[in-house]
Asks: 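Take a look at the following structure, please.
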Amino acid sequence: MKNTDEAENTKFQPDKAYLMWRSFERFKEFRDGFFRLNKETTVRTFKNQPESFLSFDSDKFVKHMSSMISSSLSQDKDKLNKFLYKVHESYKKELNYLSNRKEQFSMDILFQVIETLLMEVGANKAENEIQNLGGNKSAVTKQDLEQIMSYLRTYNKMTARFQAAGSMKKAIELSDDIISQSAHESMDIPILALDSMFNLITAQFILAQKFNCKQLLAGWRKDYGFDQDQESRVAKLLPPTASLIEFRNNYAKALQMLRSQKKEIETEMDLFLLRTVSNYYASWINQVANQINKPAA
């Protein structure tokens, strides 16, 4: 997976002490109170002693951490140590995610998987066929699809929670809870990826308050140098009056429509135009998302 705005990502450096704390929070044992730490004191200790707690050395982390943590299972040192090793592995995955741009989540990932599933497989049996795609001549491997589908399901759940908040302001106020719940449910997805998802969702709602699909197509035509005829062709597939919140659903419907057509030359041209619109939309969302800074709490 590739991020469309790599330059922005290279500038981002998370608060590692707070990231370590969030790695604790995603585990059920910690959430249920079997292992207890004071947040303010612990984060401050991490900051003051990064060589002991924030390096890639798991043994060093467990050694120093075991003397700090209060546990209802303190009589069982093995359970405590196993838990701490799990937390540190989770933390290391966060750092690896940050340094591996191919793994980073971005808006264009959603459109890649929609196109792959609808155009190569077919919407009705998409997830079932993922298991068979590894042997096909697809640009997206079986492993890629499994990972992307996991991201997509989590993204959709987070979007539903965002909308259930009732307003964008309320959703932003609940951002810690929304991200924390997703981190607990989706242990395979880095917390930093969940942060990116929340920012992308927020960016879509910000843009949707000001623009609709008609204005998106006007910007796309101008910036990409297309003409009125090409804009009209896309407008037949993407309703100009539609909200940007519905863009992804309308994009999927447009692909399904093209997939059912037999005019190969026209279909390929329309598909090309749709791809460029989705790229434009993704870059638009990414630009706004990159300006959203969620401070560490």
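Quantities reported herein were computed from a predicted structural model and do not represent experimental measurements. Residues take their numbers from the sequence shown, with the count starting at 1.
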Asks: Less than 4.0 angstrom from a charged side-chain N to a carboxylate O is my criterion; do K86 and E29 meet it?
Replies: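 Salt bridge present between K86 and E29.
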Asks: On the 0 to 90° scale, with breaks at 30° and 60°, tag the F83-F27 ring pair as parallel, tilted or perpendicular.
Replies: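 It falls in the perpendicular class, over 60°.
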Asks: Would a line drawn from the ring center of W21 to the ring center of F30 be shorter than 6.0 Å?
Replies: yes
Asks: Is the shortest heavy-atom distance from the side chain of F162 to the side chain of M168 under 4.5 Å?
Replies: yes
Asks: With rounding to the nearest 0.5 angstrom, report the CD to NZ distance, Q49 to K60.
Replies: 11.0 Å
Asks: Using only atom types and a distance under 3.5 Å, with no angle test, would you say the side chain of T154 pairs donor to acceptor with the backbone of Y151?
Replies: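 No.
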Asks: If only atom types and distance count, is the side chain of N212 paired as donor or acceptor with the main-chain N or O of K214 below 3.5 Å?
Replies: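 Here the side-chain-to-backbone pair exists.
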Asks: Which value, rounded to the nearest 0.5 Å, describes the distance between L273 atom CG and L258 atom CG?
Replies: 10.0 Å
Asks: Indicate yes or no: does E89 engage K92 in a salt bridge with an N to O separation below 4.0 Å.
Replies: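 Between K92 and E89 there is a salt bridge, with a charged N closer than 4.0 Å to a carboxylate O.
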Asks: Got a salt bridge between D270 and K236, using NZ or NE/NH1/NH2 to carboxylate O under 4.0 Å?
Replies: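 Answer for the salt bridge query: no.
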Asks: I'd like to know if the side chain of H184 and the backbone of S180 have a donor-acceptor N/O pair within less than 3.5 Å.
Replies: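 Flag not set: sc H184 to bb S180 has no pair under 3.5 Å.
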Asks: With a 4.0 Å cut-off on N to O distance, would you call R44 and E40 a salt bridge?
Replies: yes
Asks: When you measure from the side chain of H88 to the backbone of S55, do you find a donor-acceptor pair of N or O atoms at a distance under 3.5 Å?
Replies: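 Indeed, once roles are kept as given, a pair shorter than 3.5 Å links the two residues.
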Asks: Would you compute the distance between atom CZ of R161 and atom OG of S175 and round it to the nearest 0.5 angstrom?
Replies: 13.5 Å
Asks: Check whether any side-chain heavy atom of Y251 lies under 4.5 Å from a side-chain heavy atom of V277, and answer yes or no.
Replies: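 No - every pair of side-chain heavy atoms lies 4.5 Å or more apart.
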Asks: Is there a side-chain contact between V234 and Q230 in this structure, where contact means two heavy atoms from C-beta onward sitting under 4.5 Å apart?
Replies: no
Asks: Treating E94 as the side-chain partner and L192 as the backbone partner, does any N or O pair qualify as donor plus acceptor under 3.5 Å?
Replies: yes
Asks: Check the hydrophobic clustering (I, L, V, M, F, W, Y; side-chain heavy atoms under 4.5 Å; chains of links allowed) and say if I245 and Y281 are grouped together.
Replies: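 Hydrophobic grouping puts I245 with Y281.
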Asks: Over 60° means perpendicular and under 30° means parallel, so tell me whether F46 and F61 are parallel, tilted or perpendicular.
Replies: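 Tilted.
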Asks: List the steps, then state whether side-chain contact (heavy atoms from CB on, under 4.5 Å) holds for L37 with M65.
Replies: CA-CA 10 Å; L37 290 166; M65 199 72 234; 3.6 Å; yes
Asks: Does some side-chain heavy atom of L217 sit less than 4.5 Å from a side-chain heavy atom of R221?
Replies: no
Asks: In the single-linkage hydrophobic clustering (I, L, V, M, F, W, Y; side-chain heavy atoms under 4.5 Å), do F53 and L80 co-cluster?
Replies: yes
Asks: Is the side chain of S186 donor-acceptor paired with the backbone N or O of A183 at a distance under 3.5 Å, no angle test?
Replies: no
Asks: Return the minimal non-hydrogen interatomic distance between D59 and Y85, and the atom names on each side.
Replies: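 D59 and Y85 have their closest heavy atoms at OD1-OH, 2.5 Å.
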Asks: At their closest point, which heavy atom of S90 faces which heavy atom of R26, and how far apart are they?
Replies: OG-CD, 3.6 Å
Asks: Which heavy-atom pair separates D188 from S150 by the least distance, and what is that distance?
Replies: OD2-OG, 2.7 Å
Asks: Does L84 belong to the same Ile/Leu/Val/Met/Phe/Trp/Tyr cluster as I191, with side-chain heavy atoms less than 4.5 Å apart forming each link?
Replies: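 Shared cluster, no.
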Asks: Between Y155 and I201, which heavy-atom pair has the shortest distance, and what is it?
Replies: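 Closest pair (atom of Y155, atom of I201, distance): CE1-CG1, 3.6 Å.
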Asks: What are the two closest heavy atoms between Y91 and L54, and how far apart are they?
Replies: OH-O, 2.9 Å
Asks: Would you give the length of the straight line joining atom CD1 of I172 to atom CG of N199, rounded to the nearest 0.5 angstrom?
Replies: 9.5 Å
Asks: Of Y280, F211, F226, which is the lone residue that meets ring-ring contact (aromatic ring centres under 6.0 Å, His included) with W220?
Replies: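 So, applying the ring-ring contact (aromatic ring centres under 6.0 Å, His included) to W220 and each of Y280, F211, F226, only F226 qualifies.
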Asks: When you compare the side chains of S23 and K93, does any donor N or O come within less than 3.5 Å of an acceptor on the partner?
Replies: no
Asks: Take L238 and L216 through the test side-chain contact (heavy atoms from CB on, under 4.5 Å) and record every step on the way to the result.
Replies: CA-CA 10 Å; L238 299 173; L216 172 72; 5.9 Å; no
Asks: Measuring only between side-chain heavy atoms, which start at C-beta, is D15 closer than 4.5 Å to R22?
Replies: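 The answer is no, as the side chains (C-beta and beyond) never meet within the 4.5 Å cut-off.
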Asks: Write down the atom of A218, the atom of E231, and the distance for their closest heavy-atom approach.
Replies: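 Here A218 and E231 meet closest at N-OE2, 4.2 Å.
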